[in-house]
Novice: 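Pasting a structure below so you can have a look.
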Amino acid sequence: MTDPGAADVVLSIRDLTVAFSTSRGDVEAVRGVDLDVAAGETVAVVGESGSGKSTLAASVNRLLADNGRITSGSVMLRDLDITAADERTLRGVRGSRIGLVPQDPMTGLNPVMRVGAQIVEALEVHGRASGPAARTEAVALLTRAGIADADARFGQYPHEFSGGMRQRVLIAMALACRPEVLLADEPTSALDVTVQRLVLDQMAELAADVGAAVVLITHDLALAAERADRVVVMYRGEIVESGPAHEVISRPRHEYTRRLLAAAPGLAERKVAVTAGGGPAPATDGEPLLRLTGAVKRYPMPGRAEPFLAVDHVDLTVPRGRTVAIVGESGSGKSTTARLALRLEAADGGTVTFDGRDVAGLRGKDLLGFRRSVQPVFQNPYASLDPRYTVAQVVAEPLEVHRIGDRAHRRRAVAELLEQVALPAELAGRRPHELSGGQRQRVAIARALALGPDLVVLDEAVSALDVLVQEQILDLMVELQRDLGLAYLFISHDLAVVRLVAHEVYVMRHGRVVEHGEPEQILTAPAEEYTRRLIDAIPGRSLVRS
Amino acid sequence: MTSLRTAFSHPLPRRVGEAAITLLGVSLLTFVVLRVVPGDQITAAYGIAAGELSPEQIRSLQAYYGIDQPLPVQYLGWLGGVLTGNLGISANSGLTVAALTAQALPNTIELAVLAIVVGLLLGVPGGMLAASRPGRARDGATQLGSLVALSVPSFLLATAVATFLANQLGWYPNGEGYRTLLEDPWLNLQQMLLPATVLGISIASPVLQTTRAAILGIRAEDYVRTARAKGVPPRRLQVRHILRNALIPVVTMTGLQFGFLLSGALVAEQIFAIPGIGRQVLLGLNQQEYAVVQSTVLVIAAIFVLVNLLTDLVYRLVDPRVRVR
């Protein structure tokens, strides 16, 4: 159904403009948008944060924030004008004719209500079923959404479900009343790639069953192209390009689309050369900077005699000036390995050496010296900066802790560091909440660089960012490595991102390294079935092959 | 050894262990503080006449009151008694502290429960009202009211209310002797009405603030949007999704207030002549009755700790995330 003119159009948006009233006056988040979606069709809306794609979705079921309003245009659900409907009518439409799959499954479910009851509620409020019939129906929905043993899990609470499972619950809930339109707002951005793939497969299958028109909101063009019939690219509130998915990918007309395409990790070019020439010289001779030998980390499990083996005899080396990546799913032990390297945790077995010295034995001055040489950058730029500190205070703090320089020296150092990470100097006085996600991550990198480290440990440092911002941060990393000779230990669940920047890759599963090697070798000839699954999960992988 | 450690890593035994240590600390502290205060039971009993007692008389009185022993021996003797159920004897009335407590405690608990009920009835709907239109007149008025209620000391409010009702309306149920709930339920409830309201007003304020803040926070949660996107009508949204989650911090707050009431009821008990546990401590203090004060304070502390334990259990009921699996 690539020709919407001939198809059964369910959702029709005409000249839609949405404005938010803010302290700086009205801001138009969506401007003059036209969009048609037909039954059974999937249309992907692609754009970066702030492009207006989520606002577009929120105006379809009229769940805009309190300060937002539709200033012109119309949204028609068949012959019902959503923009003109009253609240009572809208309540009847939400959930029954328009389903919503929200972005973050971890916070999308009511924590004090049983999972089953939340699905039953969706059926009950629209009078679709009640009592035992609703229960039977809900269990069937959960089963179809891919939840094994749904009958037993019906009575459990959301915290007893993993992220992927919760998203399946939300999908089952959104489709419970067989809606005509399904809005999926970044449904899998918070999930591991392998889980993402399964969940999207499941969602597509269920939506097809119901015959719903799907509006898929995403920042990842590769994912959009793979999953949708048509792709609509939004930039600063306007649609800049639209067309059949394969056409947008193969012949992008707009400059912004080309940028998105170049930034999609599954489609982009590698940023570092593995062998000499272009990249830093391989420093294979002599002692590597970081070496883990048979490293073990156990955690006691409450109520169980056997401890949990988070890291199980891991051998890993990071040479100077190189990027070594660890990939794996959630719970594979990659973050714990990073914590061992940072000496935030002590190994229960094996050794961790840095620059030839066992880090376990470091005390006092030596330990401070180690802390100066190894710096972390964490995943969530929203949570890893102190909200009460200004940017300058965040970046200067390591210098203060290690008593480096006087006040004037530190001020100069902060200015230089901000320049190094390409942040404008006027941001120095701002606080984290005034910055975008990408800017925050730059601040975190500047803070890590303050002490002139040899090794930076990046734990999912770009996973929470939009593709374009992610690309900028990756470019910055590569540039800094070239200029300062940094070594990186780069932790990620996404092989596509790893491929772009790593010289060497370790694949981890259940606390063990299952294989390691150069990224191209791992990607083209994986030795393990598990690695192959990680590769297949890369969004846009199928496009590259075809 | 490991089995002992696993047993204590389980929340409940650990909490009980912590409670026991807290109580031991309280017992030691009360004991020491009482001994540091100048004067003893002899000066309390004889007043200035105590100065005219001969050394032999003092010695025999000290032996009578049991204060001739070294302090550690006195402490351990008392503690041993408490552990075997003997809270000591009130020298003046000749009654056991256990008997006194058994009379006084139910009155205090009744008062505390009634005050909590009043506090919740005022605080939770008040918080919902304030949160319904944040920043508007209704919110401002409710918040101002709660601030005033918090700022007026309960002894002042209690005195003012009691005086007004007695003088203007001639209604003063607390003028007669106190009747327990079992003796005369109707009169008892009249007698409890005023102190419970006065105490309830002071609790309503923090409950209101907690409810308001929790509702406002929860309204912005993703799962509330999920529920709205499902088409859940407003009333059901308010109760099932918002209030149900907002109650979690309110439970914690209420538990804390209940413990506070047991000791804070002292003033209200005094003003409204309710023979509760607070009055028992006060009387004991005035008469330097070591056994009465020590044991009663320990009983209050024990109840305080017990209430906190109960709060934890209720917390587990309202919040499935902290339930023991």
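Here is the naming used below: chain letters follow the sequence lines, and residue numbers restart at 1 for every chain. Computed from a prediction, not measured in an experiment: that's the story for all the values here.
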Novice: Check whether any side-chain N or O of B/Thr226 sits under 3.5 Å from a backbone N or O of A/Gly108 as a donor-acceptor pair, and report yes or no.
Specialist: yes
Novice: With a 4.5 Å cut-off on heavy-atom pairs, point out which of A/Ala176, A/Pro111, A/Ala122, A/Gly95 contacts chain B the most.
Specialist: A/Pro111
Novice: Evaluate the side-chain proximity of A/Val112 to B/Ile248: yes if any heavy-atom separation is below 4.5 Å, no if none is.
Specialist: yes
Novice: Please round to the nearest 0.5 Å and tell me the distance separating atom CZ of B/Arg219 and atom CG of A/Asp66.
Specialist: 8.5 Å
Novice: How many angstroms lie between atom CZ of B/Arg236 and atom CD of A/Glu121, to the nearest 0.5 angstrom?
Specialist: 4.0 Å
Novice: Which residue out of B/Pro233, B/Pro234, B/Gly231 racks up the most heavy-atom pairs below 4.5 Å with chain A?
Specialist: B/Gly231
Novice: What heavy-atom pair brings A/Pro102 and B/Arg225 nearest, and what distance separates the two atoms?
Specialist: CB-NH2, 3.8 Å
Novice: Given 3.5 Å as the limit, does a donor-acceptor pair link the side chain of B/His241 with the main chain of A/Met113, or not?
Specialist: no
Novice: Just wondering, more than 12 heavy atoms not from A/Arg78 lying within 6.0 Å of its CZ?
Specialist: yes
Novice: Counting heavy-atom pairs closer than 4.5 Å to chain B, which one of A/Thr107, A/Leu183, A/Asp104 comes out on top?
Specialist: A/Thr107
Novice: Output the distance between atom CG (A/Leu90) and atom CZ (B/Arg228), rounded to the nearest 0.5 Å.
Specialist: 9.5 Å
Novice: So which part of A/Gln118 gets closer than 4.5 Å to some heavy atom of chain B, the side chain, the backbone, both or neither?
Specialist: both
Novice: Starting at CG of A/Asn110, measure out to CZ of B/Arg240 and round the result to the nearest 0.5 Å.
Specialist: 9.5 Å
